[in-house]
Amino acid sequence: MVEVGDAYDPIAVEAKWQKRWDQEGTYNVDPGDPRPKSYVLCMYPYPSGPAHQGHVRNYTFGDLNVRYRTMKGEAVLSPFGFDSFGLPAENAAIKTGIHPRTFTDARIEELKTSVKSLGAMYDWRREIRSHDPSYMRWVQWIFLRFYNAGLAYRAEAPVNWCPGCKTVLANEQVLADGTCERSGDVVERRTLKQWFLRITAYADQLLDALDGLDWPERVKTMQRNWIGRSEGAQFELVVQGKDDVKLEVFTTRPDTGFGVTFAVLAPEHPLVDTLTTEDHREEVEVLRSEAARQSDLDRQSGHGDLGKAGAFTGSYVINPFNGEPVPVYVADYVLMGYGTGAIMAVPAEDERDWAFAKAHGLPIVRTTEPPDGFGDHPYGGNGRKTNSGFMNGMGVAEAKEAALDWLESNGLGERKVNFRLRDWLVSRQRYWGCPIPVVHCPSCGVVGVAEEDLPVLAPDDVEFLPTGESPLASHEGFKKVSCPSCSGPAERETDTLDTFVDSSWYFLRFCDPWNDQAPFSIEAAEEWMPVDQYIGGIEHAILHLLYARFFTRALSDLGIAPGGLKEPFARLFTQGMIRMGGTKMSKSKGNLIAPSKYLETVGADALRLSQLSLAPPADDVDWTSQTEEMIEGWAKWTQRVWRLATGEAGSGVVRPEGENDGDTELRRATHRAINKVTSDMDRWSYNTATAALRELTNAAYIHLGKGVGEEALSEAVDSLLLMLAPMAPHLAAEAWERRHGEHIHTKPWPIADPELARDQKVTLIVQVNGKVRDRIEVDPAIGHQEAEALALASERARAHMGDAEPAKVVVRPPRLVNIVVPAG
RNA sequence: GCCCGGGUGGCGGAAUGGUAGACGCGGUGGACUCAAAAUCCAUUGUCCUUGCGGGCGUGCGGGUUCGAAUCCCGCCCCGGGCACCA
């Protein structure tokens, strides 16, 4: 009978196995492993202290994949590291005076401890910390290679300055409403000399290669929109009376050329001064200073207003299509940063131009015939060309081609592809980041630090003050240096790199983290890359995932990574967020439910099972009081499994000679569960996989109550434990050890016997006019005629047929017969 | 405005053309117990009916089909992304 006191003790058992896995290096992998290789990776975290529920969810999915693949016979690379540069550590330093390194190392230890107590297994020998000099050295080395290859450059540019973070931001870090994604402050525009990485050189490749990636469609769409490719024509407009001045414009609608009734310059356009005549100078100046004063946010808030701000320059350009002069305006709805910063305006076929034309009383000429009764609106759709000279009568697509050919053959312009994507601004005026390894020499200009002098490390003796300048800029010892080229006095660059640079190649370093000759060897990268399964949050859909793709391509092209390696992540899974009360659960929202609360009571396995069962992995989860009750439920279930596994579940075991019907039923339940769980694991349907394990447990208990043979019961329990091993690894390991004295995690994943999984009988549904009227137990091999005869003989079905003869009988053996009788 | 998701019991969710609501949380009833906890069993969409049984039911309105949560058309609502990108 049940021994009181032998209840499953998750706390003791989990500690025991975590220690053992660690010591035995169960999940360490080395070069030359003969097993098929795979690489499973969770996005390395910023260390902000103990793990939160989002981490738990992430690492539960990751660990499940690692352990499942291991049981399937693969050598799985499963590394862990820390994205350990970043603003919070430096802000803490400004507030408390604690050095960012001290602060960060403490946070890393906290996170590492809680990750370990989750029972997630990693090859800790490969751990990476971005702020470790051995990692920084290669970040800087790669930066210099990029610089030498022209992929990193310095330029003066209007940049996004966040007054809260006291640094510039990449375009990707500015939200649609013009605020900083990190601090929420309204971003200002400043003009500074900054470092950029030439991601636009890869715009085409980054876009095209998306098609071949096994990624969520949603993420691919977001990247496509972000890259924003558009095809069209670029051509020159001659300024009337000033033959030497030409205005370049870009359009995706060259077919509308005859409908151009004005042209517009961005306020920052270099030709504004030249084109503005004296009598219009004042209004143009007013508009320009307004635009300059406004933040992006203000400028965008005018979007949609009918009154579009704009001023006439007094100049005219010639429309090359029809030779007519059209007025040139300056308006803030045209952006300097896209295309040429100037447009040909076609009000009839463009909403924005329409609004501007209406506001300023400019003519509107349709070049595409809208559908009948379309009304007084701009029409951007397809239709017959009209008022368009050589294009008249054509459709839009045909006319576009004709217009492009015409522009090119007359030497007026050319086909051109434009991207919305801009180069990646990587300079940050901060201390706690990787220093940009260059020196500014008054005679040699920008000179890269010599390879043997890497890494450039920031000094520790700096003052952390909220000045808006990197503490490095005021550290004379760091700043003053002799030029690596001419040995003359020079100044070190004091900006540091965006932390997204660190995270753009860490997955490559994981393949070969001990290498001190190169960031990683080609062989190691060839052995493990690409990552077979990458797992992380949707919030990185654009930033990190796009930068990492760019880095992989660039490193491959520079011969640093394998030539054939173009994409870092073959398969991506983006998990849902954990929300509470409608908002994302996070430290800044102050609504954290610390996982430690559960790890210290019900244990990691119950918490992991809850995360798996709560919702489909890709869905957002609302944390409610019910969630807590579900965790309790899983804790009870682990006890239920434990009793089953240790033979304490009941006294109903009988040992009859041979196999009886109950045994057959339980065996069928077992093999069906194996099929179900295996396919659910493969399609990331973990919530239904846990349900199938519950069902199998219930079946075992029911048969135990009725009396069941030892063999059938053992098969059920052993299969259950094997399938549980990737989900609740500690419970599975302990129970398996008790039963077999072996290590469960080196056992193979169970395979179902199709014969045993097969149904002995199935329920034949008898419908009359599509409504279920009877259920009959039949042999799965039942034939068409037999099924039909059985259904037509059904009393219950006949009762609903009246006197009518069946008009039709749909027979789908062995599951369904539908008898159709005429209405009435 | 445009582009993606999604809408199913009290709740989380299951079912991708064939028994709607698997599995769980919560509820109700029972067994065990001096009692409680734990455990085990049963029950739980809704309405009508003592019961047998029947009607209704997957956001709303149509359609296709022998048969629709599932496919098609039109709406409504919720979530996310993009948004003056020429």
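All of these numbers come straight from a predicted model, not from anything done at the bench. Chain A is the first sequence line, chain B the second, and so forth, proteins listed ahead of strands; every chain is numbered from 1.
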S.K.: Test of understanding: with ring pair (Phe, Tyr, Trp, His ring centres under 6.0 Å), list the residues that count as partners of A:Tyr8, not counting sequence neighbours.
M.R.: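 By the ring pair (Phe, Tyr, Trp, His ring centres under 6.0 Å) rule, A:Tyr8 matches A:Trp642.
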
S.K.: Detail all sub-3.5 Å separations between protein N/O atoms and N/O atoms belonging to nucleotides 43-52 of chain B.
M.R.:
none

S.K.: When only distance counts, do a donor and an acceptor, one from the side chain of A:Asn225 and one from the base of B:rC82, lie under 3.5 Å apart?
M.R.: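 Answer no: no donor N or O sits under 3.5 Å from an acceptor.
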
S.K.: Pick base, sugar-phosphate or nothing for A:Ile765, based on heavy-atom distances below 4.0 Å to the nucleic acid.
M.R.: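 Result for A:Ile765 = base.
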
S.K.: Any N or O donor-acceptor pair under 3.5 Å from the base of B:rG24 to the side chain of A:Arg694?
M.R.: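 Answer no: no donor N or O sits under 3.5 Å from an acceptor.
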
S.K.: Quick one: classify the glycosidic conformation of B:rG9 as syn or anti, with syn meaning within 90° of 0.
M.R.: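 Syn, since the glycosidic angle lies within 90° of 0.
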
S.K.: Answer yes or no: is there a side-chain heavy-atom contact under 4.5 Å between A:Thr261 and A:Pro347?
M.R.: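 Of all side-chain heavy-atom pairs linking A:Pro347 with A:Thr261, at least one is under 4.5 Å.
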
S.K.: Determine whether the aromatic ring centres of A:Phe235 and A:Phe250 lie less than 6.0 Å apart.
M.R.: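 Centroid separation for A:Phe235 and A:Phe250: 6.0 Å or greater.
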
S.K.: Please tell me which of A:Val772 and A:Asp619 maps to the more 5' nucleotide of RNA chain B, matching each residue to the nucleotide holding its nearest heavy atom.
M.R.: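 This one resolves to A:Asp619.
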
S.K.: Is a salt bridge present between A:Asp204 and A:Arg229, judged by a nitrogen-to-oxygen distance below 4.0 Å?
M.R.: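 Salt bridge: yes.
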
S.K.: Could you check A:Thr624 against A:Thr252 and say which one's nearest nucleotide on RNA chain B is further toward the 5' end?
M.R.: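 Nearer the 5' end of the strand: A:Thr624.
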
S.K.: Can you confirm whether A:Trp634 sits close enough to A:Ser613 that some side-chain heavy atom of one is under 4.5 Å from a side-chain heavy atom of the other?
M.R.: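 Side-chain contact under 4.5 Å: yes.
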
